[in-house]
Amino acid sequence: MCNVTIAFISQRDTVLGCSMVLCISLLIGCIELLLIRREFTDVGIFSWRVLSSRLSFQRYFKKLDLLFSYPSTILVIIVRLIFALILPFSIAQEFLTLFVLTVLVFTSAFMFFRNLYGNDGSDQLVHIILISLWLGYMGSKEALDLSLYFIALQSISSYVIAGIAKLFSKEWRTGEAILRIMSTETYGNKTLSRFYKNVSPRFLCIFSWHIILIECSFLLVLILPTPFNFVFFIWGTLFHVYNSVVMGLNIFLWSFLCTYPTIVYLHQFLH
Amino acid sequence: MNDVIHTVFLGTIFFVWLILTWLNQVNCKLAKLIKAKDIFNLLPKWTFFAPKPAMNDLHLLYRERDSSNNVSLFKEVRLLKRGPSAILLNPSKRKKKALQDLVRGLSGITSVLNDDPIGIKLSFYYLALLNCLTSLDKDPSTSAIQFVIIKGSGFDDQHETELVLVSDFHNV
C-alpha cells in the first residue's frame, strides 16, 4: 500500500518558492540583455528610432523618447536586475514585496512595449506571473490565493494548448516535426539531427506522440493524487532541461519551473 | 468589505484574462481584433512550435557596392553559434530571435504585397533590417548596400534553399 505523506504547502512557501525560481529567470534575462546592450543603440536591432516608427500612436510617446532610447533603456534593465535580486528576500515584508513587484511589473511592461520583436514565450510567462503576483499583493490573503491559482492555470493551459496544437499538426503526428526542428540552425543541433535522421521513423513518431499525450493530459496534474501527479512535474522539468540544452531555450526552464509551486498549491486547494 | 470587493474584482479579471488567453490560441477574427489592442502583451500564444513548426532557417545576406559600381560577394549576417554556456546564458538567442522575427515578418509581407514593391520597401520590417545592416562593419569605400533573404533547411541537405526577397541597393 502506498503511503506517502506530503507536507502542507502554505501560501508563503508557495510565493517564496515561485519568487526564488522567478528571480533566476529574471536575472538571466537581464544579464542577457546587458550583454547585447549595443543592440539598443540607434544602429542596433532594438533601435528605438526604428521601433517607435511602427507604433501608430507614437505621437503620444514622443516626449518619452528619451526614456525609451539608449542608454536609458540600459538603466531600466539594471534597475530590473537589482529588484529581481531583492524579490525573494522581500517576501517577509508585504509592503516591500508590493514595491519590488511594482518596479518589476513596470520594467516588464516597458520592455514589452518597447521591444515589439525578439521576445519569446518565457518572457511572456514571466510578465504574466509578475502582473498576477502584483495584483494579488494589492489585496487580501484571498486575493493572493487567486493570483497563485491563476498562475497555475496559465501554466497548465500552456502545456495543454501546446499539446492540442501539436495534435492538429500532421508534422507532429508523424514525428517529422522533431527531425525538421532539429535540422534548423536556429533551434536544432547537428549531432541530434544526424541521429534522428538515422533512427527509424517509428521512434520519431513515438517520441513525438509521447510529448503530445503528456502535454494534452497535463490537466491531470490537478486531478491525480499526490505523489502520482508529480510524474508531470518530473516530465516537465526533464522536457525543459532538454529544450534548454538542445534548443538553447534556457530561460524557459526557470520560467516554467517557477509556476510548479503554484500548481502544487492549487492541487492542495482542490483536494 | 473593501477586501471582498477587491477579491471579487480580481477574480473577475483573472477569469476574463484566462478566457481571452484561450481565445487567443484560435485563429479567428475576434482573437485578432483583441490581440491588436494588446500593446503590453498580456495575451500569450501557447502553441509553441505547433501546428506548423519552424522547419526552415531564414538567412540574411548582404553585399556592398562602391562608388565605381564594383559589387562585393554576398556575406551572411552571422550570429554567434550556441556553445555549452548557452544552457545558462544565451544572449545571442535574443538577437537571433529579433532578426528571425524581422526576416519572418518581411517574408510574410512579401508574399502578401508581391505586386507592391514600394509597400514592401516602406514596411517596418524592411526599414528595421536595413537599419541593422547599415551598422555592420563595411569597407570604407562602400556607397550602397543590398540584402537578400534566403530560406534554407539548416543541417538537412535534402530540401532546397529558396530565395525569398532581393532588395534594391540603398545608399549608406
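Residue numbering restarts at 1 for every chain, and letters A, B, ... go by the order of the sequence lines.
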Check each atom of [X] against the heavy atoms of chain B and say whether the ones under 4.5 Å are side chain, backbone, both or neither.
X      : value
A:R194 : neither
A:Y196 : neither
A:E171 : side chain
A:Y187 : both
A:N189 : backbone
A:S157 : both
A:R38  : side chain
A:L125 : both
A:S108 : neither
A:K170 : neither
A:S147 : both
A:V160 : neither
A:M182 : backbone
A:D42  : backbone

Inter-residue atom distance A:T107.OG1 - A:H127.NE2, 0.5 Å rounding
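Those atoms lie 10.0 Å apart.
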Going from CZ on B:F48 to CG on A:L249, what distance comes out if it is rounded to the nearest 0.5 angstrom?
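Result: 9.0 Å between the selected atoms.
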Among side-chain atoms of A:S255 and A:S25, is any donor-acceptor pair under 3.5 angstrom?
yes
Going by atom types only, do A:Q124 and A:N119 share a side-chain donor-acceptor pair under 3.5 Å?
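Judged by distance alone, the side chains do not pair up.
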Quick check for you: among [options], which has the greatest number of heavy-atom pairs under 4.5 Å with chain A?
options                     : answer
B:L58, B:I13, B:L102, B:L88 : B:L102
B:P84, B:P51, B:G11         : B:P51
B:F124, B:W22, B:Y125       : B:F124
B:P44, B:G105, B:A86        : B:P44
B:L127, B:L18, B:V8, B:T21  : B:L18
B:N90, B:T7, B:T47          : B:N90

Does [X] [atom1] have over 12 foreign heavy atoms under 6.0 Å away?
X      : atom1 : result
A:K190 : NZ    : no
A:Y242 : OH    : yes
A:E94  : CD    : no

Using 30° and 60° as the class limits, which term best fits the ring planes of [X] and [Y]: parallel, tilted or perpendicular?
X      : Y      : value
A:W48  : A:F68  : parallel
B:Y126 : B:H170 : perpendicular
B:W46  : A:F256 : perpendicular

Proximity of A:Y265 and A:Y149 rings by center, below 6.0 Å
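Centroid distance A:Y265-A:Y149: below 6.0 Å, so yes.
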Step through it carefully: locate the ring centre of A:H210, locate the ring centre of A:F207, and say whether they are under 6.0 Å apart.
yes
Which region of B:L43, side chain (C-beta onward) or backbone (N, CA, C, O), has a non-hydrogen atom less than 4.5 Å from a non-hydrogen atom of chain A, or is it both or neither?
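Just its backbone gets close to chain A.
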Which of the residues A:G136, A:G118, A:G44, A:S47 is involved in the greatest number of heavy-atom pairs with chain B at under 4.5 angstrom?
A:G118
Interface check, chain B: of A:A162, A:S169, A:S158, most non-hydrogen pairs under 4.5 Å belong to A:S158
Is a side-chain donor or acceptor of B:K32 paired with a backbone partner of B:N27 at a separation under 3.5 angstrom?
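No: the side chain of B:K32 does not pair with the backbone of B:N27.
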A:E32 and its salt bridge (Lys or Arg N to Asp or Glu O under 4.0 Å) partner, picked from B:K95, B:K93, B:K96:
B:K93
